[in-house]
Amino acid sequence: MKCNVAVMYMHDYLDGDLAREDTKQLQLHLSECPSCYTRYESLERTDSLVKALPIEKAPDELSDRIMKSLPRSRRPSAWTSWVRRHPAVSAAAIFMVVMLSSFVSMWNQSQELSISGPDLEHVVIEGKKVIVPEGQKVSGDLTVVNGDVQVLGDLDGNLTVIDGHVTALASTAHIAGEIKTIDRAVDWFWYKVSSFFGTLAYGS
Amino acid sequence: MYKDKLYHLAYRMTSNRQEAEDVVQETFLRVYKNLDRYDENQKFSTWIYRIATNLCIDRLRKRKPIYSLDAESSDHEGLDGYAMLPSDDRTPESELLLSETQRLIHEAIATLPVKYKSVMILRYLQELSLQEIADVLEMPVTTVKTRVHRGREFLRKKLEHKL
């Protein structure tokens with residue numbers, strides 16, 4: 001065995017990391033190489049001296065100092081740690097909040113009367129009231145937002161009233177399609193969604 | 001109790017009681033603040049030792065380099081490195097080094113280069129295994145081994161002629 005290999009073995013041995021077979025070889029080498037033996041003794045002594053250093057105990061008042069330095073409350077971190085642990089749910093929740101608030105604000109903003117339909121020529125508007133006059137015929141659907149509707153004549157399509165009422169139909173009235181009244185945000189939401197998909201399906 | 005173990009670690013690393021106390025306090029503060037980031041797959045002792053060791057290493061790096069305590073300083077006539085060490089006069093009588101031998105070992109450890117010092121202290125004074133040291137310092141076991149060997153040789157050379 002060469003001396004440089006022996007030194008490596010010495011360190012591994014002191015680490016408790018040398019195989020039994022190698023230890024025997026090292027032992028053999030140390031018995032016939034005085035300089036390596038001296039070196040091993042010196043390393044072994046260093047090891048045991050370092051291990052024998054007394055343990056320094058922390059001063060008693062250190063515990064108090066540490067306890068005083070710790071912040072009192074840990075409340076906020078419970079919330080943030082939940083967010084950190086569930087990123088997908090948090091993102092979905094934020095998305096829902098943003099979507100809902102935008103829908104609600106859009107629903108609240110539109111307080112103005114608006115009418116839509118393919119044939120508005122014969123429709124009469126009085127203040128907040130939309131009237132289909134007697135003897136007149138409106139072809140196609142009619143949608144009224146933020147207003148009441150009175151139908152005296154003919155309506156050749158669906159009638160949709162959002163945030164408003166349909167006043168009692170006159171005997172002369174005739175509505176070919178169905179009448180829908182929407183006055184809540186949720187219904188309005190569904191109306192938006194279904195009309196959106198209707199647009200997709202029929203392209204109109 | 002971690003307090004004493006960490007204090008012992010920090011004291012051997014920094015060779016200064018005041019700094020050791022600061023390191024222990026800072027370690028507990030960081031543990032407390034980052035408890036929710038603690039990875040449960042690793043041992044708690046590994047984590048707390050890592051925080052403490054890193055704080056010690058940071059402090060040693062921030063110090064002005066003192067290359068050799070035995071060399072006379074060029075700025076201050078007649079003063080050697082020992083005279084320029086931060087004085088530790090809080091409780092001088094508690095430095096109960098019973099023998100010249102203990103003082104020599106203490107000084108030998110104090111002069112170890114930082115990268116060997118942390119490994120040697122964790123190995124000999126905290127009795128961590130090579131694998132545990134590798135986990136604490138986040139380096140391969142082979143590197144830890146090499147550093148233990150070099151550190152041991154360093155100490156041997158320091159102490160050889162004095163003992």
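In the text below, chain A, chain B and the rest are named by the order of the sequence lines, each starting its count at 1. This is a predicted model, so every value here is computed, not measured. The basis for the numbers below is simple: all heavy atoms, side chains too, and nothing from hydrogens, waters or symmetry mates.
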> Does a side-chain N-to-carboxylate-O contact under 4.0 Å join A:Arg65 and B:Asp22?
yes

> With respect to B:Lys117, which candidate in B:Arg12, B:Arg147, B:Met13 satisfies the side-chain contact (heavy atoms from CB on, under 4.5 Å) definition?
B:Met13

> Measuring centre to centre across the rings, with the benzene-like ring taken for any Trp, is B:Phe44 within less than 6.0 Å of B:Tyr38?
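Distance test on ring centres: under 6.0 Å, yes.
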
> In terms of side-chain geometry, is the basic nitrogen of B:Arg17 or B:Glu21 positioned less than 4.0 Å from the acidic oxygen of its partner?
no

> How close do A:Val166 and A:Leu159 get, heavy atom to heavy atom, and via which atoms?
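Between these two residues, the closest heavy atoms are CG2-CD2, 4.2 Å.
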
> Any residues in residues 14-38 of chain A near chain B, with a heavy-atom distance under 4.5 Å, and which are they?
A:Leu14, A:Asp15, A:Asp17

> Side chain, backbone, both or neither: which part of B:Leu155 has an atom under 4.5 Å from a heavy atom of chain A?
both

> Is B:Leu29 close to chain A through its backbone or its side chain, or both, or neither, when contacts mean heavy atoms under 4.5 Å?
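Backbone plus side chain of B:Leu29, per the 4.5 Å heavy-atom cut-off to chain A.
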
> Kindly determine whether B:His106 and B:Tyr11 satisfy ring-ring contact (aromatic ring centres under 6.0 Å, His included), including the steps that lead there.
CA-CA 11 Å; B:His106 179 76; B:Tyr11 176 63; 5.8 Å; yes

> Taking only Lys NZ, Arg NE, NH1 and NH2, and the carboxylate oxygens of Asp or Glu, determine whether B:Glu107 and B:Lys158 approach each other closer than 4.0 Å.
no

> Strictly below 4.0 Å, N to O, side chains only: are B:Lys43 and B:Asp135 in salt-bridge contact?
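Salt bridge absent between B:Lys43 and B:Asp135.
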
> Under 4.5 Å heavy-atom distance to chain B, tell me which part of A:Arg39 shows up: side chain, backbone, both or neither.
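Answer is both: backbone and side chain atoms of A:Arg39 are under 4.5 Å from chain B.
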
> Heavy-atom cut-off 4.5 Å, strictly under: side chain, backbone, both or neither for B:Leu6 against chain A?
neither

> Between B:Glu153, B:Lys145, B:Lys5, B:Lys3, which residue shows the highest count of heavy-atom pairs closer than 4.5 Å to chain A?
B:Glu153

